[in-house]
Amino acid sequence: NGEEMIAAPLLPGFGRAPTENDIGAKLYDKMKMWQYPQLEVASFDVKEMSDSYLVTVVFKPIDGKAQVIVKYNIYGDGSIAGIESMKDAGGLSKCPMLFRFGMEMGMKGDFSNLDFYGKGPWENYCDRNSSATVGHYEQTVNEQYHYGYVRPQKSGTKTELKWFKVINGNGTGL
């Protein structure tokens, strides 16, 4: 039941905690408009398809410059396929680069187990992953954070993922 799983809605997300390198380069200040943008819905549409419902959410332009559109296909089995896009609303080319372009949501705390197939078991990145091996791994969310970092970093990143689950003790989840 998704109602029991989701603690905060699935929304566009462009920011992240600044890393040591970001702070040194003052990127946090340069990219401020993307950290916590005001997301206001301009339109919301639901259309019944043959095998799903298509929900289209168009957000008002961020800072009058960039418009985000999210389309969700919601299927009868509870699965959701989402497509997020951004288009120019009169100033996107003048905006600072993004830390990331993705989606974020909150899950309740009992969804604390990870089950994935990809490079692991330790964190690895596109420019630093040759020591990690592709395999099936089971870990906890708490194991993803490296407490030795002085500042937040990209803890827990995994590359070459084929699938990734965040589940509770019963194996239910996302």
Visitor: Kindly indicate whether the side chain of Val141, heavy atoms from C-beta on, has any atom under 4.5 Å from the side chain of Leu114.
Guide: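 Side chain of Val141 against side chain of Leu114, heavy atoms only: contact under 4.5 Å found.
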Visitor: Ignoring hydrogens and angles, state whether a donor on the side chain of Thr159 or Asn129 is under 3.5 Å from an acceptor on the partner side chain.
Guide: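 Indeed, the side chains of Thr159 and Asn129 share at least one donor-acceptor pair under 3.5 Å.
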Visitor: Can you name the closest pair of heavy atoms from Tyr75 and Ala81 and give their distance?
Guide: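 Between these two residues, the closest heavy atoms are CE1-CB, 4.2 Å.
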Visitor: Is it true that a side-chain atom of Asn124 and a backbone atom of Trp122 form a donor plus acceptor pair closer than 3.5 Å?
Guide: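 Yes, because the side chain of Asn124 sits within donor-acceptor range (under 3.5 Å) of the backbone of Trp122.
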Visitor: Transitively linked via ILVMFWY side-chain contacts under 4.5 Å: Phe14 with Met33?
Guide: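 Result: yes, single cluster for both.
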Visitor: Nearest 0.5 Å, please: how far is SG in Cys95 from CE in Met86?
Guide: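 Here the interatomic distance stands at 8.0 Å.
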Visitor: Restricting to non-hydrogen atoms, name the atom on Lys108 and the atom on Ile6 that form the minimum distance, rounded to 0.1 Å.
Guide: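 Closest approach of Lys108 to Ile6, heavy atoms only: CE-O, 4.1 Å.
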Visitor: Any carboxylate oxygen within less than 4.0 angstrom of a Lys/Arg side-chain nitrogen, looking at Asp22 and Arg16?
Guide: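 Salt bridge flag = yes for Arg16 with Asp22.
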Visitor: Does a side-chain N-to-carboxylate-O contact under 4.0 Å join Glu104 and Arg100?
Guide: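 Arg100 and Glu104: salt-bridged.
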Visitor: Applying a strict under-4.5 Å side-chain criterion to I, L, V, M, F, W and Y, I'd like to know whether Tyr137 and Tyr117 cluster together.
Guide: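 The answer is no; the residues belong to distinct hydrophobic clusters.
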Visitor: If every non-hydrogen atom of His136 is compared with every non-hydrogen atom of Glu138, which pair is closest and at what distance?
Guide: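 Distance-wise, the nearest heavy atoms are CE1-OE2, 3.8 Å.
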Visitor: Rounded at 0.5 Å granularity, tell me how far CG in Asp51 sits from CD1 in Ile74.
Guide: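 One finds 12.5 Å between CG of Asp51 and CD1 of Ile74.
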Visitor: With a 4.5 Å cut-off on side-chain heavy atoms, are Asp45 and Val55 touching?
Guide: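 Side-chain contact under 4.5 Å: no.
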Visitor: Any side-chain heavy atom of Ser43 within less than 4.5 Å of one from Val57?
Guide: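 The answer is no; the side chains never approach within 4.5 Å.
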Visitor: Using modelled atom types only, decide if a donor and an acceptor are shared between the side chain of Glu40 and the backbone of Phe59 within a distance under 3.5 Å.
Guide: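 Side chain of Glu40 to backbone of Phe59, a donor-acceptor pair under 3.5 Å: no, none is there.
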Visitor: Return the minimal non-hydrogen interatomic distance between Trp34 and Met97, and the atom names on each side.
Guide: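 Answer, listing the atom of Trp34 first, then Met97: CD1-O, 3.4 Å.
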Visitor: Are Leu92 and Leu39 connected into the same hydrophobic cluster when the rule is that any two of I, L, V, M, F, W, Y join if their side-chain heavy atoms are below 4.5 Å apart?
Guide: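 Both belong to a single hydrophobic cluster.
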Visitor: Answer with yes or no whether the side chains of Glu123 and Gln144 bring together a donor and an acceptor at under 3.5 Å.
Guide: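 No.
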Visitor: Do the non-hydrogen side-chain atoms of Leu174 and Met105 ever get within less than 4.5 Å of each other?
Guide: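 They are in contact (side-chain heavy atoms under 4.5 Å apart), so the answer is yes.
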Visitor: Kindly compute the distance separating OG (Ser52) from NZ (Lys47), expressed to the nearest 0.5 Å.
Guide: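 One finds 10.5 Å between OG of Ser52 and NZ of Lys47.
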Visitor: What are the two closest heavy atoms between Leu98 and Met31, and how far apart are they?
Guide: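 Smallest heavy-atom distance, with atoms named: C-SD, 4.2 Å.
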Visitor: Any chain of hydrophobic side-chain contacts (each under 4.5 Å) joining Met103 to Met5?
Guide: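 Yes: a chain of side-chain contacts under 4.5 Å links Met103 to Met5.
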Visitor: Hey, could you give me the CG/OH distance between Asn73 and Tyr53, rounded to the nearest 0.5 Å?
Guide: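 Asn73 CG to Tyr53 OH: 12.5 Å, rounded to 0.5 Å.
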Visitor: Any donor-acceptor pair under 3.5 Å linking the side-chain atoms of Asn113 with those of Thr140?
Guide: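 The criterion, which ignores hydrogens and geometry beyond distance, is not satisfied for Asn113 and Thr140.
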Visitor: Without swapping roles, check the side chain of Asp63 against the backbone of Lys65 for a donor-acceptor pair under 3.5 Å.
Guide: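 Not a single qualifying donor-acceptor pair exists.
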Visitor: Of the non-hydrogen atoms in Val68 and Glu84, which two are nearest, and what is the gap between them?
Guide: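 The answer is CG1-OE2, 3.9 Å.
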Visitor: Step through the shown structure and confirm whether more than 12 heavy atoms of other residues, nucleotides or ligands are within 6.0 Å of CZ on Phe164.
Guide: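 Buried by this count: over 12 neighbours within 6.0 Å.
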Visitor: Output, in order, the C-alpha distance, side-chain angles, deciding distance and verdict of side chain to side chain contact (heavy atoms under 4.5 Å, CB included) for Lys162 and Phe116.
Guide: CA-CA 8 Å; Lys162 303 301 178 208; Phe116 66 95; over 6 Å; no
Visitor: Determine yes or no for a side-chain-to-main-chain donor-acceptor pair under 3.5 angstrom, with Asn168 supplying the side chain and Asn170 the backbone.
Guide: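 At least one qualifying donor-acceptor pair exists.
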Visitor: Return the CG to OG1 distance between Leu27 and Thr19, rounded to the nearest 0.5 Å.
Guide: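 Those atoms lie 8.0 Å apart.
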Visitor: On the ring face of Trp163, is Lys165 found with NZ or CZ under 6.0 Å from the centre and within 45° of the axis?
Guide: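 Because its charged atom sits under 6.0 Å from the ring centre and within 45° of the axis, Lys165 does stack over Trp163.
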Visitor: Quick one: CD on Glu160 to SG on Cys126, what's the gap to the nearest 0.5 Å?
Guide: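 Output value for this atom pair is 10.5 Å.
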Visitor: Membership question, hydrophobic clusters at under 4.5 Å side-chain separation (ILVMFWY): are Val41 and Ile62 in the same one?
Guide: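 In one cluster with Ile62: Val41, yes.
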Visitor: When you measure from the side chain of Tyr72 to the backbone of Leu10, do you find a donor-acceptor pair of N or O atoms at a distance under 3.5 Å?
Guide: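 Confirmed, Tyr72 side chain pairs with Leu10 backbone.
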